[in-house]
Amino acid sequence: MIFIKNKGMLFYYDWISPFAELEGEQFKSLVLAMLRYHAYGTKPPVFKGTTGLVAQFVFPQLERAMQKADAGRLGGLASQRKD
């Protein structure tokens with residue numbers, strides 16, 4: 001996977017309810033892990049309890065979004081080379 005140094009990442013509306021179940025420190029740990037994963041490819045820790053349940057669907061969704069962004073970037077580069 002190629003890690004793109006974007007200025008940010010998407011948060012999805014379907015995360016609202018699960019994130020609302022997290023306590024302050026749980027929320028902070030999860031969001032920081034998500035940002036580090038997206039920006040640097042840092043493997044997230046193994047979360048337990050409610051945080052673990054949220055992480056089980058958040059990180060695969062981030063992975064798919066990152067793969068889609070990579071495919072779009074590579075497609076754009078290929079089309080530039082053809083010109």
Is there a side-chain contact (heavy atoms from CB on, under 4.5 Å) between Gln61 and Tyr12? Walk through the geometry before answering. CA-CA 9 Å; Gln61 198 167 9; Tyr12 299 94; 3.8 Å; yes
Please determine whether side-chain contact (heavy atoms from CB on, under 4.5 Å) holds for the pair Glu23 and Thr50, giving the CA-CA distance in whole Å, both sets of side-chain angles, and the decisive distance to 0.1 Å. CA-CA 9 Å; Glu23 299 294 326; Thr50 305; over 6 Å; no
Are Tyr40 and Leu35 close enough, and set up right, to give a side-chain contact (heavy atoms from CB on, under 4.5 Å), and what steps lead you there? CA-CA 8 Å; Tyr40 310 115; Leu35 290 168; over 6 Å; no
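Minimum heavy-atom separation, Phe47 to Ser29: CZ-O, 3.8 Å. Contact detail for Pro60 and Ala55: the closest heavy-atom pair is CD-O, 3.8 Å. Contact record, Gln26 with Glu21: OE1-O, 4.4 Å, taken as the closest heavy-atom pair. Between Leu62 and Leu10, the shortest heavy-atom distance links the atoms CD2-O, 4.5 Å.
Phe57 and Met34 fall within a single hydrophobic cluster, where Ile, Leu, Val, Met, Phe, Trp and Tyr are joined by side-chain heavy atoms under 4.5 Å apart, directly or via other members. A continuous path of ILVMFWY side-chain contacts below 4.5 Å connects Val31 to Leu22, so both sit in one hydrophobic cluster. When hydrophobic clusters are built by joining Ile, Leu, Val, Met, Phe, Trp and Tyr residues whose side-chain heavy atoms come closer than 4.5 Å, directly or via intermediates, Trp15 is not grouped with Leu53. Following chains of ILVMFWY side-chain contacts shorter than 4.5 Å, one cannot reach Leu32 starting from Tyr37, and the two form parts of different hydrophobic clusters.
Between Phe59 and Val54 the shortest side-chain heavy-atom distance does not fall below 4.5 Å.
One finds the NZ atom of Lys68 at 14.5 Å from the CD atom of Glu63 (value rounded to the nearest 0.5 Å).
Ring geometry for Phe19 versus Phe27: interplanar angle over 60°, hence perpendicular rather than tilted (30 to 60°).
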